[in-house]
Peer 1: 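Provided herewith is a single structure, encoded as structure tokens, for subsequent inquiry.
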Amino acid sequence: MTEPALQFSEDQAEAWDRVADALGRAGIDLARGESAPAPDHAQQTFAIMGKAGSGKTMLLAALTRALSEAGLELVSGEYESRRKREKRSLAVLAPTNKAASVLRLRGVAATTLHRILYTPVYDPEYERIAEWLTGNLPRPSVAGLSETALDRAHAFYEQVKSIPGALAAAGLRGSDFITGWKRREDPLDIGFVDESSMLDERQLEDLQELFSTLILFGDPAQLAPVGQSGKMVFDTLPTPAQLSLSRIHRQAQDNPILDLAHALADPALGFEEFEARIRDAAQRDARVQLVERVDCDLMARSPVLVWRNATRLRLINAFRRAHDAPETELLPGEPLLCDGLELPLKHRKKRIDLEARGLIKGAQVVYLGPGRKPGFSRLHIFGAEEPQISVASIIKIERDLEEEPFIPFAATMGAAFVHGAAVTIHKAQGSQWPDVQVFAPDLFAAARAGRSEAGIPLWKRLAYVAITRAEHRLHWVIRNRLGRPRAELSTEDLSAAPAALALAAQE
């Protein structure tokens, strides 16, 4: 057996060996840390499946390090040197910005599917700076940039391996050095996809066309994408290609949140008994809170997770009333959720640009204020590498399921948003927050409805997904009540990250 550097559980070690065999067929020897030119072989796809705490991310990170040590180039999607495209490569992907940012916080250089499917086109003048920073060209002389600016770019890149961040440190904006985006034409090599339970069949087909070896990491207990009858894409793979992690890894032991999530696998467990377990856990551990009402302050950055749309709208409207938000406008600091891009086909380039920057359906953002032109909004995108953006917006404030949404202002076309103080559990997949509020009356209603998905009671799937969104603390809300806010809405916590580009002038 190939011995990984870390002390794995038995099922992790078996999954490592199975992946090592697949990579061996692709010309990569993990035991020796060597890679040969890519051989001609059939496309291969594997899935590593396991519930929360089973060590999927730990295994993904270890495999990523091993492939890097074997000489594979990590493809980030932000810049690819033309002089290195003959090298073997690895891309670590996630379906959403938030899921990619969770991996990055754990030391894995992940990016989104859109950033790999669509690649930036750099202005040739500034591409020379990128080639210099990556060690392929001598230091350039660029009109309009001082030697001091180049020094700043170099110093930044030495600390953070981000070409856009380095160019921003030199005083450039994204619109200066990225002239557009295009669909990737050249195939890639090895692909790891986290949160693959969120993939639909079309996305899997796109990835299989792009990568010769594709490894999916996913949780079979989560909710399947809408329209797939409760099935995940990895359910369609042949049995030998499905690898399961069943053991809860030692690093996840003694976690009351995960204990509750895994208790849902008991077929005999009913909703009332499960809520009793939450009450017991809350008495023993501060990481589980049984609360009487929704925390209004948390809603500004961590949405309440609900099952029903009617509940979502009631909580959103209660949140806005609690903050005295006027009906005709948004307050800076209000959370929003991207509901898609309403752009005609002729604006395909603009769509690609926005999606590549992280503004995809389901992206969580915060409203910073109006733009310089009517219909434009300044936004902060959670989890994006370049979080600050200004974009033509269509913001819909929904009041009731039977009424048309109120639109405080809107461009004729652009990115569409709904309020994000509460979201359905389906849309929360792929995201995590330090504190998560779960609206238990909705799950009780799902239990009373008696619905099932793929043979599992729907309320259990909903509860599992909702609970595992919590990184540190779970708030189980048992009453249909909202607490008063303790602080006014603010944007002071949303300063741009050091690696972020300056706000793009898209108006």
Side-chain angles (χ1 to χ4, degrees), residues 6-13 15 47-62 94 98-99 101-103 105-108 194-198 217-223 232 243-271 273-291 298 302 304-305 425-426 428-440 443 447 456-478:
L6 296 175
Q7 184 63 46
F8 285 153
S9 61
E10 289 184 9
D11 49 6
Q12 283 179 313
I48 297 175
M49 302 172 293
K51 292 184 178 180
S54 59
K56 297 187 302 295
T57 301
M58 178 183 176
L59 184 59
L60 185 155
K98 185 67 175 178
S101 70
V102 168
L103 284 176
L105 288 173
R106 296 179 180 179
V108 179
D194 197 28
E195 296 284 358
S196 61
S197 59
M198 299 176 65
F217 295 79
D219 187 337
Q222 292 202 27
L223 294 158
M232 316 287 189
L243 317 175
S244 295
L245 304 179
S246 56
R247 180 184 184 275
I248 302 302
H249 200 270
R250 62 184 182 276
Q251 292 175 330
Q253 290 177 346
D254 193 31
N255 184 326
I257 298 173
L258 290 182
D259 289 342
L260 290 168
H262 286 272
L264 291 163
D266 181 357
L269 184 71
F271 181 85
E273 183 183 353
F274 179 67
E275 198 160 71
R277 292 194 182 196
I278 292 178
R279 183 173 290 105
D280 291 342
Q283 292 174 351
R284 299 190 311 267
D285 199 305
R287 288 173 287 183
V288 178
Q289 300 282 322
L290 192 75
V291 295
L298 275 180
S302 176
V304 183
L305 305 188
I425 295 170
H426 274 88
Q429 289 194 123
S431 295
Q432 283 189 306
W433 297 271
D435 286 71
V436 163
Q437 301 186 83
V438 180
F439 195 72
L443 298 188
I456 299 174
L458 178 60
W459 78 265
K460 288 189 175 182
R461 282 193 179 272
L462 292 167
Y464 177 87
V465 172
I467 286 171
T468 54
R469 299 311 92 202
E471 292 177 325
H472 304 304
R473 189 174 293 105
L474 168 67
H475 303 254
W476 188 263
V477 183
I478 61 174

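Note that the structure is predicted; figures quoted are calculated from it, not measured.
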Peer 1: Kindly indicate whether the side chain of I425, heavy atoms from C-beta on, has any atom under 4.5 Å from the side chain of L443.
Peer 2: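 Yes, close enough: below the 4.5 Å cut-off.
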
Peer 1: Restricting to non-hydrogen atoms, name the atom on G50 and the atom on P220 that form the minimum distance, rounded to 0.1 Å.
Peer 2: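 Closest pair (atom of G50, atom of P220, distance): N-CD, 3.7 Å.
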
Peer 1: I'd like to know if the side chain of D11 reaches the main chain of S246, judged simply by a donor and an acceptor atom lying under 3.5 Å from each other, with no hydrogens or angles considered.
Peer 2: yes

Peer 1: Report the distance from atom CD of Q437 to atom CD of Q289, rounding to the nearest 0.5 Å.
Peer 2: 10.5 Å

Peer 1: Restricting to non-hydrogen atoms, name the atom on L305 and the atom on A428 that form the minimum distance, rounded to 0.1 Å.
Peer 2: CD2-CB, 3.7 Å

Peer 1: Strictly distance-based, threshold 3.5 Å: is any side-chain N or O of R287 a donor or acceptor partner for the main-chain N or O of R473?
Peer 2: no

Peer 1: Walk me through it: do L474 and I467 pass the test side chain to side chain contact (heavy atoms under 4.5 Å, CB included)?
Peer 2: CA-CA 7 Å; L474 168 67; I467 286 171; 4.0 Å; yes

Peer 1: side-chain hydrogen bond (donor to acceptor under 3.5 Å, both in side chains) with E275: which residues, sequence neighbours excluded?
Peer 2: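 In terms of side-chain hydrogen bond (donor to acceptor under 3.5 Å, both in side chains), with neighbours along the sequence ignored, E275 is linked to W476.
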
Peer 1: Does F217 offer a backbone N or O that forms a donor-acceptor pair with the side chain of K56 under 3.5 Å?
Peer 2: no

Peer 1: Between E471 and D435, is there a donor-acceptor pair closer than 3.5 Å when you use the side chain of the first and the backbone of the second?
Peer 2: no

Peer 1: If every non-hydrogen atom of L260 is compared with every non-hydrogen atom of F274, which pair is closest and at what distance?
Peer 2: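 Looks like O-CE1, 3.4 Å.
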
Peer 1: Compare every heavy atom of A447 with every heavy atom of F271, then report the nearest pair and how far apart it is.
Peer 2: CB-CB, 4.0 Å

Peer 1: Can you name the nearest heavy-atom pair linking A15 to L245, along with the distance?
Peer 2: CB-CD2, 4.1 Å

Peer 1: Report the distance from atom OG of S197 to atom CE of M49, rounding to the nearest 0.5 Å.
Peer 2: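 Separation between the atoms: 11.5 Å.
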
Peer 1: Determine whether a donor-acceptor pair (N or O, by modelled atom type, separation under 3.5 Å) exists between the side chain of K460 and the backbone of D266.
Peer 2: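 Confirmed, K460 side chain pairs with D266 backbone.
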
Peer 1: Which atom pair, heavy atoms only, marks the closest approach of A263 to L269?
Peer 2: O-CD2, 3.4 Å

Peer 1: Is there a side-chain contact between D280 and I278, using heavy atoms and a 4.5 Å cut-off?
Peer 2: no

Peer 1: So I257 and T468, side chain to side chain contact (heavy atoms under 4.5 Å, CB included) or not? Walk me through it.
Peer 2: CA-CA 7 Å; I257 298 173; T468 54; 5.9 Å; no

Peer 1: Checking H262 side chain against A52 main chain: does a donor-acceptor pair fall under 3.5 Å?
Peer 2: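 Yes, the answer is positive, given that a donor and an acceptor are paired below the 3.5 Å cut-off.
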
Peer 1: Check this for me: does any side-chain nitrogen of one of K51 and D219 sit under 4.0 Å from a carboxylate oxygen of the other?
Peer 2: no

Peer 1: Report yes or no: does S302 contribute a side-chain atom to a donor-acceptor pair with the main-chain N or O of L298 at less than 3.5 Å?
Peer 2: no

Peer 1: Just by distance, do the side chain of Q429 and the backbone of L223 share a donor-acceptor pair under 3.5 Å?
Peer 2: yes

Peer 1: Would you check, one step at a time, whether the test side chain to side chain contact (heavy atoms under 4.5 Å, CB included) holds for V288 with L290?
Peer 2: CA-CA 7 Å; V288 178; L290 192 75; over 6 Å; no

Peer 1: Taking C-beta and beyond as the side chain, do L103 and T57 meet within less than 4.5 Å on heavy atoms?
Peer 2: yes

Peer 1: Drop me the distance from I456's CD1 to L462's CG, to the nearest 0.5 angstrom.
Peer 2: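 One finds 11.5 Å between CD1 of I456 and CG of L462.
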
Peer 1: When you measure from the side chain of R461 to the backbone of P457, do you find a donor-acceptor pair of N or O atoms at a distance under 3.5 Å?
Peer 2: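 Between the backbone of P457 and the side chain of R461 there is no qualifying donor-acceptor contact (under 3.5 Å).
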
Peer 1: Go through the structure and list residues passing salt bridge (Lys or Arg N to Asp or Glu O under 4.0 Å) with E273, not counting sequence neighbours.
Peer 2: R277

Peer 1: Any side-chain heavy atom of I478 sitting closer than 4.5 Å to one from V291?
Peer 2: no

Peer 1: Without swapping roles, check the side chain of Q222 against the backbone of M232 for a donor-acceptor pair under 3.5 Å.
Peer 2: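 No: the side chain of Q222 does not pair with the backbone of M232.
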
Peer 1: Just how far is it from atom CG of L243 to atom CD1 of I48, taken to the nearest 0.5 Å?
Peer 2: 5.5 Å

